[in-house]
Amino acid sequence: MLVNATSQDAIGIWGAFAHTTFLKSYLDAQVPSQLTPNFNLKITDTPFPISKQLENLNKTIAGTDAAILMTIAWMMISDSLIQNIIKERQRNVKHQILVSGSSLMAYWLGHYLADIMFQSIPAVVGIIGVHAFGLDIPDIAYLFGAIVLVNPAFLYFFSFFFDKDETGSLVIKMFYFVFGIIAPIAISIL
């Protein structure tokens, strides 16, 4: 019988193996030797169930990992959106559209609706992924719906602080990095 000494259950298996060996040697001494070669003792090893504390830790780690991955995805989406807005302002695209006869409301509403559609694709994929991997995130559809509706407005507001798209891109990445990656890790540790 081979025993994996590095297993977490090695102590219990070793004890059962020792008892089997002692019983076999005792039977060899007491009973005629023609009976003991076929002697075999079956050992059933049932590991301890996972504790609630370990189960909660696993859920916390899975949730933090999911939050970090979704933050990275949304960071890339937000980066492209803020760069687009700042580049349009650098090239005076809004003014050209206004001179062509369009209204300011139509310009921003068109941007907003296009950005919602652009963000809806990863949101739907994220919802499907959460359900496919069985992550316990309640009301995930509402969370993704909120971020799809709010993120473009946040980026429009944030874009007015920058004159260059590279600067806005860097700052938005740092913002998402601090609040979407470092903060969940700090919260899960605390």
Side-chain angles (χ1 to χ4, degrees), residues 50 52-190:
I50 295 175
K52 286 289 184 187
Q53 184 178 9
L54 183 60
E55 188 175 315
N56 289 339
L57 178 66
N58 288 340
K59 286 182 180 180
T60 301
I61 291 170
T64 303
D65 287 347
I68 289 171
L69 291 175
M70 291 312 297
T71 297
I72 291 170
W74 237 262
M75 178 175 58
M76 295 299 136
I77 292 168
S78 298
D79 179 39
S80 66
L81 294 179
I82 198 166
Q83 282 187 29
N84 186 31
I85 293 294
I86 295 172
K87 282 180 184 178
E88 282 190 4
R89 191 173 63 232
Q90 288 172 341
R91 295 180 185 135
N92 291 327
V93 173
K94 178 175 67 170
H95 298 297
Q96 292 173 4
I97 291 174
L98 292 175
V99 169
S100 298
S102 181
S103 69
L104 190 61
M105 179 71 151
Y107 172 79
W108 285 112
L109 190 61
H111 260 292
Y112 184 70
L113 293 176
D115 291 342
I116 285 175
M117 288 189 290
F118 181 67
Q119 293 183 73
S120 295
I121 296 166
V124 170
V125 170
I127 292 168
I128 291 170
V130 165
H131 291 299
F133 290 111
L135 297 176
D136 184 24
I137 304 173
D139 299 330
I140 189 65
Y142 297 120
L143 292 173
F144 276 120
I147 196 168
V148 165
L149 295 175
V150 172
N151 194 42
F154 166 72
L155 292 173
Y156 300 155
F157 170 76
F158 207 70
S159 71
F160 287 110
F161 293 114
F162 305 103
D163 292 328
K164 294 184 178 181
D165 57 320
E166 299 91 11
T167 309
S169 172
L170 178 67
V171 172
I172 200 73
K173 285 178 186 174
M174 293 304 296
F175 181 82
Y176 273 84
F177 182 76
V178 169
F179 288 106
I181 296 176
I182 294 176
I185 292 171
I187 289 171
S188 65
I189 290 172
L190 296 176

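Here the shortest heavy-atom pairing between Ser120 and Val148 reads OG-CG1, 3.9 Å. For the residue pair Asn151 and Ser78, the shortest heavy atom distance occurs at ND2-OG, 2.9 Å. The nearest pair of heavy atoms linking Gly126 to Met70 is CA-CE, 4.3 Å. The two atoms that bring Ile86 and Gly168 nearest to each other are CD1-CA, 4.0 Å, heavy atoms only. His131 and Ile140 get closest at one heavy-atom pair: NE2-CG2, 4.0 Å. Of all non-hydrogen atoms in Ile77 and Pro122, the two that sit nearest each other are CD1-CG, 3.1 Å.
The neighbour count for Tyr112 OH, taken as heavy atoms of other residues, nucleotides or ligands under 6.0 Å away, is above 12. More than 12 heavy atoms of other residues, nucleotides or ligands shown are found within 6.0 angstrom of CG on Leu104. No more than 12 heavy atoms of other residues, nucleotides or ligands lie within 6.0 Å of CG in Asp163, so this atom counts as exposed by the packing criterion.
Ring centroid separation for the pair Phe160 and Tyr156 does not come in under the 6.0 Å cut-off.
A distance of 10.0 Å separates CD of Gln96 from CD of Glu88, quoted to the nearest 0.5 Å. The line from CG of Asp115 to CG of Leu81 is 4.5 Å long, rounded to the nearest 0.5 Å. Atoms CE and CE, from Met174 and Met75 in turn, are 10.0 Å apart once rounded to the nearest 0.5 Å. Taking CD1 of Ile97 as the start and OG of Ser103 as the end, the distance is 10.5 Å to the nearest 0.5 Å. One finds the CG atom of Asn84 at 8.0 Å from the NZ atom of Lys87 (value rounded to the nearest 0.5 Å). In this structure, Ile147 CD1 and Trp74 CH2 are separated by 5.5 Å, a value rounded to the nearest 0.5 Å.
At a cut-off of 3.5 Å, with distance as the only test, a side-chain donor of Gln83 or Asp79 sits close to an acceptor on the other residue.
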(request) Assess whether side-chain contact (heavy atoms from CB on, under 4.5 Å) is satisfied between Asp165 and Ile82, documenting all intermediate values. (result) CA-CA 7 Å; Asp165 57 320; Ile82 198 166; over 6 Å; no

(request) Begin from the C-alpha positions of Ile185 and Ile68 and carry the test side-chain contact (heavy atoms from CB on, under 4.5 Å) through to its verdict. (result) CA-CA 9 Å; Ile185 292 171; Ile68 289 171; 3.7 Å; yes

(message) Checking Leu54 against Leu57 for the side-chain contact (heavy atoms from CB on, under 4.5 Å) test, could you report, in this order, the C-alpha distance in whole Å, the side-chain angles of both residues, the deciding distance, and whether it holds?
(response) CA-CA 5 Å; Leu54 183 60; Leu57 178 66; 4.3 Å; yes

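Residues Tyr107 and Leu98 have side chains not in contact (no heavy-atom distance under 4.5 Å, counting atoms from C-beta outward). Two residues are said to be in side-chain contact when any heavy atoms from C-beta on lie closer than 4.5 Å; Ile172 and Phe154 meet this criterion. For the pair Ile181/Tyr176, no side-chain contact is recorded, criterion being any heavy-atom separation below 4.5 Å from C-beta on. Ser80 has its side chain within reach of Phe118: a pair of non-hydrogen atoms, C-beta onward, lies under 4.5 Å apart.
In this pair, His111 and Trp108 present their aromatic rings tilted. The plane angle is within the 30 to 60° band.
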